[in-house]
Engineer: 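Here's a structure for you.
All values below come from the heavy atoms of this structure, side chains included, with hydrogens, waters and symmetry mates left out.
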Amino acid sequence: MTKRVLVTGASSGIGLAQARLFLEKGYAVYGIDLAEKPALSGSFEFLQLDLTGDLSAVFDWLPRVDILCNTAGILDDYLPLLDMPEDRFEQVFQTNFLATVKLTRHYLADMVSRQSGIIINMCSIASFLAGGGGAAYTASKHALAGFTRQLALDYASSGIQVFGIAPGAVETNMTKADFEPGGLADWVASETPIKRWTQPEEIAELTLFLASGKASSMQGEIVKIDGGWSLK
């Protein structure tokens with residue numbers, strides 16, 4: 001049977017690249033985003049929705065999945081705690097962490113009953129290091145890394161595989177401000193050992209491998225794909 005994949009943040013950036021590659025490989029892909037439906041061909045269904053709100057519409061629309069890609073996330077402009085309004089801090093946590101927990105809780109129950117399922121969370125080098133974002137982003141991605149590891153430990157014996165992907169600097173709409181005049185794009189590239197930004201398609205290829213079942217002995221790994229940034 002064709003495997004069902006849910007990708008959050010599917011309208012742009014990494015999520016769009018993931019959705020496109022899964023479609024090319026014959027998966028049935030379901031995308032969610034606050035933005036409009038992307039132009040993708042193949043077995044693609046889309047729901048425009050704010051993941052920080054009520055998710056009951058998601059579960060009515062898609063009761064079960066085989067592969068859950070929790071990709072949606074937002075940045076925080078590298079703001080330290082005292083410069084960030086409390087509601088903005090909470091919004092980052094709602095999007096980057098709590099939405100993932102809620103989606104996972106729902107789909108995990110069915111995966112456990114079937115003794116099969118793969119969950120891939122979009123972590124970050126900010127899951128390991130300070131400086132990859134501001135106080136909210138770094139804290140939310142650290143929380144996501146801990147959630148990923150504990151989930152993997154708790155449900156490995158139930159046939160569930162759980163992974164994290166930890167990108168460094170990826171060229172997406174979310175980071176487009178860095179490429180404007182006076183932005184950080186050139187500096188980031190110069191400070192990255194491979195001397196360039198990672199492309200969303202590279203993250204998608206890693207996602208596809210983790211979702212393929214070929215990594216059957218891997219569990220709970222958070223795989224860095226950061227051009228060597230975290231080696232320094």
Side-chain angles (χ1 to χ4, degrees), residues 7-25 31 33 35 38-40 69-80 83-84 92 95-97 100 120-146 148-149 162-212 214-215 218 220-232:
V7 179
T8 66
S11 291
S12 63
I14 295 172
L16 177 59
Q18 289 173 322
R20 181 180 290 117
L21 185 58
F22 276 119
L23 288 167
E24 289 174 0
K25 299 301 180 180
D33 205 300
L40 291 171
C69 294
N70 290 306
T71 303
I74 58 175
L75 295 172
D76 64 358
D77 297 325
Y78 296 91
L79 293 174
D83 293 340
M84 174 171 290
V92 171
T95 304
N96 294 358
F97 180 64
T100 290
I120 302 173
N121 295 329
M122 194 56 59
C123 297
S124 168
I125 58 167
S127 297
F128 301 92
L129 309 169
Y137 185 82
T138 299
S140 69
K141 292 298 184 178
H142 270 66
L144 185 57
T148 299
R149 293 189 181 100
V162 184
F163 303 108
I165 296 178
V170 183
E171 187 175 354
T172 67
N173 285 342
M174 196 165 68
T175 58
K176 64 183 179 181
D178 291 329
F179 290 84
E180 295 173 355
L184 295 172
D186 291 341
W187 178 82
V188 169
S190 69
E191 291 295 313
T192 301
I194 65 171
K195 303 302 180 186
R196 66 173 179 84
W197 287 59
T198 299
Q199 296 302 306
E201 292 75 18
E202 295 175 282
I203 312 298
E205 289 285 356
L206 175 57
T207 306
L208 182 67
F209 171 70
L210 295 175
S212 69
K214 295 178 181 178
M218 288 178 65
E221 290 297 323
I222 300 175
V223 185
K224 295 174 185 173
I225 178 168
D226 63 358
W229 182 278
S230 57
L231 295 173
K232 300 183 295 177

Engineer: Kindly indicate whether the side chain of Trp197, heavy atoms from C-beta on, has any atom under 4.5 Å from the side chain of Thr175.
Structural biologist: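 With C-beta onward as the side chain, the pair touches.
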Engineer: Taking all non-hydrogen atoms of both residues, which atom of Met122 and which atom of Pro167 are closest, and how far apart?
Structural biologist: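 The pair with the smallest heavy-atom distance is SD-CG, 3.6 Å.
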Engineer: Could Lys232 and Glu191 be called an ion pair, given the rule that one side-chain N must be under 4.0 Å from one carboxylate O?
Structural biologist: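 Answer for the salt bridge query: yes.
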Engineer: Which pair of heavy atoms, one from Gly131 and one from Tyr78, lies closest together, and at what distance?
Structural biologist: O-CE2, 3.8 Å
Engineer: Rounded to the nearest 0.5 Å, how far apart are CD1 of Ile203 and CD of Gln18?
Structural biologist: 8.5 Å
Engineer: From the options Asn96, Thr100, Asn70, select the one residue that forms a side-chain hydrogen bond (donor to acceptor under 3.5 Å, both in side chains) with Asn121.
Structural biologist: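 Exactly one option meets the side-chain hydrogen bond (donor to acceptor under 3.5 Å, both in side chains) with Asn121, and it is Asn70.
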Engineer: If you compare all heavy atoms of Ala10 against all heavy atoms of Gly31, which two are closest, and at what distance to 0.1 Å?
Structural biologist: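 What the structure gives for the nearest pair is CB-CA, 3.7 Å.
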Engineer: To the closest 0.5 Å, what do you measure between SG (Cys69) and CZ (Phe163)?
Structural biologist: 11.0 Å
Engineer: Once side-chain contact (heavy atoms from CB on, under 4.5 Å) is applied, do any residues pair with Leu23, and if so which ones, sequence neighbours excluded?
Structural biologist: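 In terms of side-chain contact (heavy atoms from CB on, under 4.5 Å), with neighbours along the sequence ignored, Leu23 is linked to Val29, Leu40, Phe44.
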Engineer: Do Thr198 and Glu171 have side-chain atoms, one donor and one acceptor, less than 3.5 Å apart?
Structural biologist: no
Engineer: Please determine whether side-chain contact (heavy atoms from CB on, under 4.5 Å) holds for the pair Thr172 and Ser12, giving the CA-CA distance in whole Å, both sets of side-chain angles, and the decisive distance to 0.1 Å.
Structural biologist: CA-CA 7 Å; Thr172 67; Ser12 63; over 6 Å; no
Engineer: Heavy-atom distance under 4.5 Å between the side chains of Phe22 and Thr207, does that happen here?
Structural biologist: yes
Engineer: Quick one: are Met218 and Leu210 in side-chain contact, heavy atoms under 4.5 Å?
Structural biologist: yes
Engineer: Any non-hydrogen side-chain atom of Asp33 less than 4.5 Å from a side-chain atom of Thr8?
Structural biologist: no
Engineer: Between Lys141 (side chain) and Ala126 (backbone), is there a donor-acceptor pair under 3.5 Å?
Structural biologist: no
Engineer: Can you tell me if NZ on Lys214 sees more than 12 non-hydrogen neighbours from other groups inside 6.0 Å?
Structural biologist: no
Engineer: Please round to the nearest 0.5 Å and tell me the distance separating atom CD1 of Ile225 and atom CD1 of Ile14.
Structural biologist: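 Between Ile225 CD1 and Ile14 CD1, I get 9.0 Å after rounding to 0.5 Å.
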Engineer: Is any NZ, NE, NH1 or NH2 atom of the basic residue among Glu202 and Arg196 found under 4.0 Å from an Asp or Glu carboxylate oxygen of the other?
Structural biologist: yes
Engineer: Heavy atoms, side chains only, cut-off 4.5 Å: are Ser230 and Leu129 in contact?
Structural biologist: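 A side-chain contact exists here, since the closest heavy-atom pair is under 4.5 Å.
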Engineer: Main chain of Ala135, side chain of Thr138: is a donor-acceptor contact present, judged purely on distance under 3.5 Å?
Structural biologist: no
Engineer: When the ring planes of Trp229 and Trp187 are compared, do they come out parallel, tilted or perpendicular, using 30° and 60° as the limits?
Structural biologist: perpendicular
Engineer: Are Phe128 and Ile222 side-chain neighbours, meaning at least one heavy-atom pair lies under 4.5 Å?
Structural biologist: yes
Engineer: Give, for atom CD1 of Ile165 and atom CG of Asp226, the distance between the pair rounded to the nearest 0.5 Å.
Structural biologist: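 The CG atom of Asp226 is 13.0 Å from CD1 of Ile165, to the nearest 0.5 Å.
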Engineer: Kindly give the heavy-atom pair with the smallest separation between Val170 and Pro200, and that separation in Å.
Structural biologist: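 Closest heavy-atom pair between Val170 and Pro200: CG1-N, 3.9 Å.
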Engineer: When rounded to the nearest 0.5 angstrom, what is the spacing between OG in Ser127 and NZ in Lys224?
Structural biologist: 10.0 Å
Engineer: For Glu201 and Ala17, which heavy atoms make the closest approach, and how far apart are they?
Structural biologist: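 Taking Glu201 first and Ala17 second, the nearest heavy atoms are N-CB, 4.0 Å.
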Engineer: What are the two closest non-hydrogen atoms of Met84 and Ala136, and how far apart are they?
Structural biologist: SD-CB, 3.4 Å
